[in-house]
There are 2 protein chains.
Amino acid sequence: MTKLNPILHQELRLSIISFLVNAEWVDFMKLIEVTQASKGNLSVQISKLQEAGYIEVKKSFKGNYPHTECRVTDAGKNEFENYLIQLKQLLNLE
Amino acid sequence: MTKLNPILHQELRLSIISFLVNAEWVDFMKLIEVTQASKGNLSVQISKLQEAGYIEVKKSFKGNYPHTECRVTDAGKNEFENYLIQLKQLLNLE
DNA sequence: ATAAACTAGTTTATAATATAAACCACATAA
DNA sequence: TTATGTGGTTTATATTATAAACTAGTTTAT
């Protein structure tokens with residue numbers, strides 16, 4: 001059996017990665033916008049993806065406000081591709 | 001945002017439904033074989049799919065042994081189709 | 001200047017979930 | 001007749017997901 005990557009097989013994390021693979025640096029509030037998640041939830045899931053090494057997180061200030069940006073890593077891209085392959089297999093897609 | 005059906009967005013339940021949509025009545029031990037799940041886990045997830053109305057469960061005896069068979073319901077098929085659509089959208093597939 | 005409201009997050013308490021281990025009722029074999 | 005196997009179910013535990021509460025500051029209005 002396939003055994004889907006459990007870090008990726010979660011809706012919010014999947015939404016995040018899925019968006020990031022087609023983008024460059026994306027900031028926290030943009031991710032809030034596209035995922036419609038709560039800030040707390042987003043914060044936690046970003047940390048998990050970062051700990052897994054799937055995304056890179058850059059913190060700075062934009063004007064006077066804190067500013068967090070994320071970008072998918074090569075490892076993240078690979079795992080995501082892999083996840084897609086296994087998921088398609090499980091679902092008999094393609 | 002899409003909000004994936006949480007009953008379906010779980011690996012084992014997804015494996016079960018995904019197999020059942022291309023089959024008729026399938027028995028417990030066959031599902032163990034195709035999913036490689038433990039009996040306990042399979043039992044629980046079958047119950048959840050049944051409670052959700054996504055599968056129908058028929059219990060009988062085969063020889064002297066208990067025998068459990070499952071079949072996807074129309075509702076189950078619909079929800080599964082829906083899940084696929086939303087998932088593809090989330091993942092930018094097709 | 002001070003309070004009120006807002007920005008951009010993080011931490012943490014709680015509930016929900018997933019999973020395997022332990023169990024059950026019975027059957028068959030030794 | 002006891003030991004092993006079948007086909008499950010129940011339940012204890014750990015893990016996870018999530019929103020509420022909080023932090024640390026900023027801007028605006030008074």
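Within every chain, numbering begins at 1; the chains are lettered A, B, ... in the order of the sequence lines, protein sequences first and strands thereafter.
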Enquirer: Would you indicate whether the side-chain heavy atoms of L49(B) and L20(B) approach each other to under 4.5 Å?
Expert: no
Enquirer: Testing the basics here: between F28(B) and I46(B), what is the closest heavy-atom pair and its distance to 0.1 Å?
Expert: CD1-CD1, 3.8 Å
Enquirer: Of the nucleotides dG9(C), dA18(C), dT18(D), which one has an atom closest to the side chain of N41(A)?
Expert: dT18(D)
Enquirer: Within the 4.0 Å heavy-atom criterion, would you say T68(B) contacts the bases, only the backbone, or no part of the nucleic acid?
Expert: sugar-phosphate
Enquirer: Considering only NZ, NE, NH1 and NH2 on the basic side and carboxylate oxygens on the acidic side, decide whether K30(A) and E33(A) come within less than 4.0 Å.
Expert: yes
Enquirer: Between K58(B) (NZ) and dG7(D) (C1'), how many Å, whole number?
Expert: 17 Å
Enquirer: Using a 4.0 Å heavy-atom cut-off across all strands, classify S43(B) as base, sugar-phosphate, or nothing.
Expert: base
Enquirer: Using a 4.0 Å heavy-atom cut-off across all strands, classify N64(B) as base, sugar-phosphate, or nothing.
Expert: sugar-phosphate
Enquirer: Toward the 5' end of DNA chain D, which comes first, L42(B) or P6(A), by nearest nucleotide?
Expert: L42(B)
Enquirer: Classify K62(B) by what it touches in the nucleic acid, base, sugar-phosphate, or nothing, heavy-atom distance under 4.0 Å.
Expert: nothing
Enquirer: Any non-hydrogen side-chain atom of N82(B) less than 4.5 Å from a side-chain atom of N5(B)?
Expert: no
Enquirer: When both hydrogen-bonding distances must be under 3.5 Å and the geometry is Watson-Crick or G-U wobble, what is dT30(D) paired with, if anything?
Expert: dA1(C)
Enquirer: Given that H9(A) and F28(B) both sit by DNA chain D, which one's nearest nucleotide is further toward the 5' end?
Expert: F28(B)
Enquirer: If you check the Y65(A) side chain, which of dT26(D), dT16(D), dT17(C) turns out closest?
Expert: dT26(D)
Enquirer: Could you check whether Q45(A) gets within reach of a base, just the sugar-phosphate, or nothing at all, counting any heavy atom under 4.0 Å?
Expert: base
Enquirer: Could you work out which one of dG9(C), dT6(D), dG8(D) sits closest to the side chain of K39(B)?
Expert: dG8(D)
